S.K.: 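Structure below; questions to follow.
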Amino acid sequence: MISRKLVNIPHLTPRTHNSTHYRTLNSSILFSPPFVPKPPSFLATNVIKSYFETGLVREARTLFDEMPERDVVAWSAMINGFTSCNLHVNAWTMFREMLRDEEDVKPNEYTFSSVLKACKSMGSLSCGALVHGLALKHGVLGSIYVRNALMDMYGMCCDGMDRACAVFEEIGVKNSVSWTTLIAAYTHLGDGHGGLRVFREMLLDGAELNPFNVSIAIRACSSIGSQAYGKQIHATVFKRGFESSIPVMNSVLDMYCRCIGLSEADQCFHGMTEKDIITWNTMIAGYEKSDPYEALNLYSSLEFEGLTPNCFTFTSVIAAVANMAVLGVGEQIHGGIIRRGHGDDLGVANALIDMYAKCGSIMNSCKIFNEMHDKNVVSWTSMMVGYGSHGHGKEAVDLFDKMVASGVRPDRIVFVAVLNACSHAGLVDEGLQYFKMMVHSYNITPDQEIYGCIVDLLGRAGRVKEAYQLIEAMPFMPDESVWGAFLGACKAHKLAELGKLAASRVLDSRPSVAGTYLALSSIYAADGKWGDFARIRKLLKGTGNKKEAGRSWIEVRNQTYSFVAGDKLGVHIVWVYEAIDMLGLHMKEAGYNPDLQCLIHDLENEEPD
DNA sequence: ATAGGGTTAG
């Protein structure tokens, strides 16, 4: 047996008895155990790798520091280990240490792909570009791993998309990872159309569909709300047998939640034979806004399936609680979050700020906000929106300045929040200053929503003429949010003619907006034009639209009571009216004189025909 | 020792 093997390996046939090949061959086959010389750091590097895999970061570092010789493999294992434990700054520091090290170890393609992943997660274009230069210097750009990692890094950093495309173009022979990475870059940027364009190019190029590129393509469909493409790709999922892949089915499920409908999504959810925590999270997030009770039901049945809720679960569950505005439930779940050690997660803390504000406990929002050790732009915005909705406009504006001072760059949504706060606090000139700052200092192009905020800001303060001039000067056609804000100002300041103009513009673009008909009819009513009032009401009935009633609710002894204006049902309703009467008395005592002129004509009070 | 896919807060 052994002699046959020797004979069958021609290039190892010994020429002389003392040749290395011969001795190695003899010793490995004839005398076991074999002696295979290994690099001195081989064992230690493997132990480092397993330490990181089990989260023993300190142990890994200690072992590395004690190694007498540290080769490129050991350094790369450290950098990759830190990255895989989400310690990206440590990974970056490690890389810099490596470059400064006296032993003068040269980074290789493995080092570069690992450190680029750290740059990507830090979102640091400057670090990434520096590494790009070093990669060129060290001659590792021939590696498709390095090229793909570079493209991934550029694609995930802001303002990096052009460079990601440039790297992609420079790759001679693209592999499936190159394509997937580019599609993902477009999609995560919010450009789903771009993602699908690359997906089509990929297919034209002859690349095969696989679960990776299919799931990101479905994600691109949901980001642009395309039912047609989404369903088309879902069909190929079945055709290719990808429905056995949980990630693929999770993105299909998400697409159903966002673009098709919750009952269809629910069918898809129940049809999945294998589910993971992400499947459940997707469904909970799907229900969070429109059916928060169902979201909570799913959350409570999740553990029976042997799954453990994670921070994504809790952000959605807390958002659901915020939408129900039930403080007691929110506090209970907050307790569960702390117990499970997710209290310090950034996303969870942000959701808690929002939840407490919406449940009426702005003090708890503040407490969480102040105790957060790092805050992102969402944390600041949530707190500002919370203050704004509690009528603390000044605090919200102060927070904006503190945010900028702390080095967080404001985005468009922060400006929406601060402008709304200014609007409600009557800080008109401050608001206009922020608008200027947004355009000139932060290069944010105002969109419909921002113009709507400014129109609202001016309109509320009675500066209706300026608001109208702004609308005229807009670089694009104002949509219903802008005209809606203007209409609100006309209604508040009883400017019937301008109000009619604004209403007709809203109805031209979106004839289905029930609120506009109501606002317009109130303007007519306030003007004593009852014929016009009746005509508009009739038009509204003709559209088949009904303005959704504003629902209020209150928790008393763990029981939630909900009601709308004009409610006649429910045993508790007498108590509601009694409470309202008392509130009315208190308001009169406090000197508040309610303006009933507009409210009286609200649809909810209308008798059926 | 080595790269790619899914869920997430205003």
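Hydrogens, waters and symmetry mates are skipped; everything else that's a heavy atom, side chains included, is used. Fair warning: this is a prediction, and the values are worked out from it, not measured in the lab.
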S.K.: State whether a side-chain donor-acceptor pair under 3.5 Å links A/Asp345 with A/Asn310.
M.R.: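 No donor-acceptor contact under 3.5 Å links the two side chains.
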S.K.: Of A/His234, A/Lys231, A/Glu264, which is the lone residue that meets side-chain hydrogen bond (donor to acceptor under 3.5 Å, both in side chains) with A/Tyr256?
M.R.: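 With A/Tyr256 as partner, A/His234, A/Lys231, A/Glu264 yield a single side-chain hydrogen bond (donor to acceptor under 3.5 Å, both in side chains), made by A/His234.
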S.K.: Hey, are A/Tyr145 and A/Asn175 close enough side-chain-wise for a donor-acceptor pair under 3.5 Å?
M.R.: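 No pair is found: no donor N or O on one side chain lies under 3.5 Å from an acceptor on the other.
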S.K.: Contact class for A/His188 vs. all strands (heavy atom < 4.0 Å): base, sugar-phosphate, or nothing?
M.R.: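 Since only primed, P, OP1 and OP2 atoms lie under 4.0 Å of A/His188, the category is sugar-phosphate.
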S.K.: For A/Asn175, answer base if it contacts any base atom (sugar-phosphate contacts may also be present), sugar-phosphate if it contacts only those atoms, and nothing otherwise; contact means non-hydrogen atoms under 4.0 Å.
M.R.: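 Base: the residue A/Asn175, judged by heavy atoms under 4.0 Å, touches a nucleobase.
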S.K.: Which part of the nucleic acid, if any, lies within contact of A/Ser176, taking any heavy atom under 4.0 Å across all strands shown: a base, the sugar-phosphate backbone alone, or nothing?
M.R.: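 A/Ser176: base contact, heavy atoms under 4.0 Å.
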S.K.: Is there a side-chain contact between A/Tyr154 and A/Val167, using heavy atoms and a 4.5 Å cut-off?
M.R.: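 In contact.
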S.K.: Which nucleotide, B/dG5, B/dT7, B/dA3, lies nearest any side-chain atom of A/Pro211?
M.R.: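 Of the candidates, B/dG5 comes closest.
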S.K.: Describe the nucleic acid contact of A/Asp345 in one word from base, sugar-phosphate, nothing, applying a heavy-atom distance below 4.0 Å.
M.R.: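 Nothing, no heavy atom under 4.0 Å.
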S.K.: Report, as yes or no, whether the 6.0 Å neighbourhood of atom CD on A/Glu274 holds more than 12 heavy atoms from other residues, nucleotides or ligands.
M.R.: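 Atom CD in A/Glu274 is not crowded, with 12 or fewer foreign heavy atoms closer than 6.0 Å.
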S.K.: What is the separation between atom CD1 on A/Ile337 and atom C1' on B/dA9, rounded to the nearest whole Å?
M.R.: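 To the nearest whole Å, that distance equals 12 Å.
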S.K.: Ignoring the backbone of A/Asp254, work out which of B/dG5, B/dT8, B/dA9 is nearest its side chain.
M.R.: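 Among B/dG5, B/dT8, B/dA9, the one nearest the side chain of A/Asp254 is B/dT8.
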S.K.: State which of B/dA9, B/dT2, B/dG5 makes the closest approach to the side chain of A/Ile216.
M.R.: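 Closest nucleotide to the A/Ile216 side chain: B/dG5.
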S.K.: Measure from the side chain of A/Tyr145, starting at C-beta and using heavy atoms only, and say which of B/dT2, B/dT7, B/dG4 lies closest.
M.R.: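 Closest nucleotide to the A/Tyr145 side chain: B/dT2.
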S.K.: The side chain of A/Ser113 is closest to which nucleotide in this list: B/dA3, B/dA1, B/dG10?
M.R.: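 Looking only at side-chain atoms, A/Ser113 lies closest to B/dA3.
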S.K.: Between A/Phe212 (CZ) and B/dG5 (P), how many Å, whole number?
M.R.: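 Answer to the nearest Å: 8 Å.
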S.K.: With a 4.0 Å cut-off on heavy atoms, is A/Asp411 in touch with a base, just the backbone sugar-phosphate, or nothing at all?
M.R.: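 Touches a base.
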S.K.: With a 4.0 Å cut-off on heavy atoms, is A/Ser382 in touch with a base, just the backbone sugar-phosphate, or nothing at all?
M.R.: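 Sugar-phosphate contact only.
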S.K.: Tell me which nucleotide among B/dA1, B/dA3, B/dT7 gets nearest to the side chain of A/Ile144.
M.R.: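 Shortest atom-to-atom distance from the side chain points to B/dA3.
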S.K.: Could you state the NE2-P distance from A/His138 to B/dT2, rounded to the nearest angstrom?
M.R.: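 Answer to the nearest Å: 20 Å.
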S.K.: Name the nucleic acid region contacted by A/Thr279, choosing base, sugar-phosphate or nothing; use a 4.0 angstrom heavy-atom cut-off, strictly under.
M.R.: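 Here A/Thr279 touches no strand at all.
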S.K.: Just to be sure I understand the rule, does A/Ser76 reach a base, reach only the sugar-phosphate, or reach nothing, if contact means heavy atoms closer than 4.0 Å?
M.R.: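 Contact class for A/Ser76: none.
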S.K.: Give the rounded distance in Å between these two atoms: CG of A/Leu141 and C1' of B/dT2.
M.R.: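 About 16 Å, once rounded to whole Å.
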S.K.: Heavy atoms only, 4.0 Å cut-off, all strands: where does A/Arg219 land among base, sugar-phosphate and nothing?
M.R.: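 It contacts sugar-phosphate atoms only.
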S.K.: Below 3.5 Å, does any donor atom in the side chain of A/Ser178 face an acceptor in the base of B/dG4, or the other way round?
M.R.: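 Side chain to base: no pair below 3.5 Å.
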S.K.: Checking contacts here: which listed nucleotide (B/dG10, B/dA1, B/dG5) is nearest the side-chain heavy atoms of A/Val385?
M.R.: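 From the listed options, B/dG10 comes nearest.
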S.K.: Between A/Lys358 (NZ) and B/dA9 (P), how many Å, whole number?
M.R.: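 Roughly 11 Å, once rounded to whole Å.
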S.K.: Distance check needed: B/dT8 C1' versus A/Trp280 CH2, whole Å only.
M.R.: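 It works out to 18 Å between those atoms.
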S.K.: Which nucleotide in the set B/dA3, B/dG5, B/dA1 lies at the smallest distance from any side-chain heavy atom of A/Phe42?
M.R.: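 For the A/Phe42 side chain, the nearest candidate turns out to be B/dA1.
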S.K.: Could you tell me whether A/Val414 contacts a base, only the sugar-phosphate backbone, or nothing, with contacts defined as non-hydrogen atoms closer than 4.0 Å?
M.R.: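 Base contact - A/Val414 has a heavy atom under 4.0 Å of at least one base atom.
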S.K.: Centre-to-centre under 6.0 Å for A/Phe112 and A/His138, is that the case here?
M.R.: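 Ring centroids of A/Phe112 and A/His138 are less than 6.0 Å from each other.
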S.K.: Please tell me which of the listed nucleotides, B/dG5, B/dG4, B/dA9, lies nearest to the side chain of A/Ser215?
M.R.: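 The answer is B/dG5, which lies nearest to the side chain.
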S.K.: Tell me the interatomic distance from A/Asn323, atom CG, to B/dG10, atom P, rounded to whole angstroms.
M.R.: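 Rounded to whole Å, this separation is 9 Å.
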S.K.: Please determine if A/Glu97 and A/Arg70 form a salt bridge, counting it only when a charged side-chain N lies under 4.0 Å from a carboxylate O.
M.R.: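 No salt bridge links A/Glu97 with A/Arg70.
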S.K.: Please pick, from B/dA1, B/dA3, B/dT8, the nucleotide with the shortest atom-to-atom distance to any side-chain atom of A/Tyr110.
M.R.: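 The closest nucleotide is B/dA1.
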S.K.: Rounded to whole angstroms, how far apart are CG on A/Asn80 and C1' on B/dG4?
M.R.: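 From A/Asn80 CG to B/dG4 C1': 14 Å.
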S.K.: Think A/Asn46 has a side-chain N or O under 4.0 angstrom from the OP1 or OP2 of B/dA1?
M.R.: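 Yes, within the criterion.
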